[in-house]
Amino acid sequence: MNVPPYIPPQIEISGNVAEERYAVRVGFVKRVTVLHAASVGLILALSMSPVPEISFRWGLAGAAFSLLGLSFVRGIAKRWRHEQRLSSFFVPIMVFSLAVLVRSVTMDAGWPLWAIGLPALGNLIYVALCGRDLSFTGMFVLVSTGISGFVLLMSWLEPGQQPYTLLWLAMVSYTAFYTYDLAALQTRRRLGQEVGAVLDLYRDTLNFITYPIRVINHWRAHRIWSLR
């Protein structure tokens, strides 16, 4: 008897990166990490530039629109070779909107703006030093440890300033999401789709909203659990 799992199986496509040799998978992960760090650097640079002041609401609306657009494109064209090109339409909107959000949030909270880039920098340093011994658990532990050390240092240097507890929680949570999603997206991306994988790391933040719906539909389809 085949008992269906309680959660939906991971999305897989044929010829995905997870089916490749270990060295090929490591190379793919490193390229995605470098490109993602570059995208974060671009967002931070734009947030520091003298662009016109835009309200938090408009930034949030632009980010939501672009992420929904990216998710829609992936949903309808994920097996089409031009999917990455279609997704590129929403990238400028996403980058600009996230820059607006980063500047607004850091200014209101009193955090140094550059601190937002520390998790991406930590991930970049890890893949540069790990060689072939890449571990997603190791990435999370080491990068989170470095972030924790930074927060403790800032709290010690500025004891009377804005507490950094929320910033620490945000950066560690982001690192946990990043390492998990970076490992998971290998089953739904092929070699040459590094740009699409970077965009997945942004649009997959919507999974916190859409995944429960997918789980409920999975339960209904397999009659695992239902209200009576």
Side-chain angles (χ1 to χ4, degrees), residues 8-18 28-47 49 51 54-105 116-117 119-120 123-124 136 170-171 173-218:
Q10 195 164 311
I11 298 174
E12 295 187 17
I13 63 172
S14 60
N16 61 65
V17 174
F28 177 85
V29 169
K30 288 187 175 184
R31 290 191 296 274
V32 172
T33 301
V34 171
L35 290 174
H36 178 262
S39 71
V40 172
L42 177 61
I43 292 171
L44 288 178
L46 189 59
S47 65
S49 64
V51 295
I54 299 177
S55 68
F56 176 85
R57 288 184 178 180
W58 281 108
L60 185 62
F65 170 77
S66 58
L67 292 177
L68 287 171
L70 287 170
S71 297
F72 178 75
V73 169
R74 183 178 62 181
I76 64 173
K78 58 186 175 183
R79 290 180 174 82
W80 191 33
R81 60 190 179 94
H82 296 301
E83 178 256 331
Q84 293 183 105
R85 293 183 181 178
L86 287 175
S87 296
S88 65
F89 171 80
F90 295 96
V91 172
I93 304 172
M94 181 192 74
V95 170
F96 184 79
S97 300
L98 290 179
V100 170
L101 292 180
V102 166
R103 183 167 62 179
S104 177
V105 169
I116 301 298
N123 295 329
L124 186 62
F136 294 105
M171 290 193 293
S173 299
Y174 167 81
T175 304
F177 167 78
Y178 176 85
T179 51
Y180 171 81
D181 203 47
L182 183 60
L185 62 80
Q186 294 178 82
T187 62
R188 58 179 186 266
R189 285 296 173 185
R190 301 184 181 97
L191 292 178
Q193 294 184 339
E194 287 83 354
V195 173
V198 172
L199 295 179
D200 286 346
L201 292 167
Y202 288 100
R203 58 186 146 206
D204 283 350
T205 54
L206 296 179
N207 287 350
F208 292 102
I209 300 173
T210 60
Y211 188 73
I213 299 174
R214 187 176 168 218
V215 171
I216 292 174
N217 291 335
H218 176 76

* Asked: Knowing that exactly one of Leu199, Asp204, Leu206 qualifies, which makes a side-chain contact (heavy atoms from CB on, under 4.5 Å) with Ser71?
  -> Leu206
* **Given Leu44, Leu46, Val40, the one that forms side-chain contact (heavy atoms from CB on, under 4.5 Å) with Val102** => Leu44
Enter the distance from [X]:[atom1] to [Y]:[atom2] here, rounded to the nearest 0.5 Å.
| X | Y | atom1 | atom2 | answer |
| --- | --- | --- | --- | --- |
| Leu124 | Lys30 | CG | NZ | 11.0 Å |
| Leu42 | Leu98 | CG | CG | 10.5 Å |
| Leu35 | Thr33 | CG | OG1 | 9.0 Å |

Nearest heavy-atom pair of [X] and [Y]: which atoms, and what distance?
| X | Y | value |
| --- | --- | --- |
| Arg189 | Ala197 | NE-N, 3.8 Å |
| Arg190 | Phe28 | O-CE1, 3.7 Å |
| Ala120 | Tyr174 | N-CE2, 4.4 Å |
| Met94 | Leu67 | SD-CD2, 4.0 Å |
| Val32 | Leu182 | CG1-CD1, 3.7 Å |
| Gly59 | Leu101 | C-CD2, 3.7 Å |

* Asked: When you check the side-chain N and O atoms of Ser39 and Tyr202, is any donor under 3.5 Å from an acceptor?
  -> yes
* Step by step, work out the side chain to side chain contact (heavy atoms under 4.5 Å, CB included) result for Leu68 and Phe90. => CA-CA 9 Å; Leu68 287 171; Phe90 295 96; over 6 Å; no
* Taking the side chain from Ser104 and the backbone from Val100, do they hold a donor-acceptor pair closer than 3.5 Å? -> no
* Hey, does the side chain of Gln186 reach the backbone of Ala184 with a donor-acceptor pair shorter than 3.5 angstrom? -> no
* **Derivation of the side chain to side chain contact (heavy atoms under 4.5 Å, CB included) call for Leu191 and Arg31** => CA-CA 11 Å; Leu191 292 178; Arg31 290 191 296 274; 4.0 Å; yes
* Hey, is Asp181 close enough to Arg188 for a salt bridge, meaning N to O under 4.0 Å? -> yes
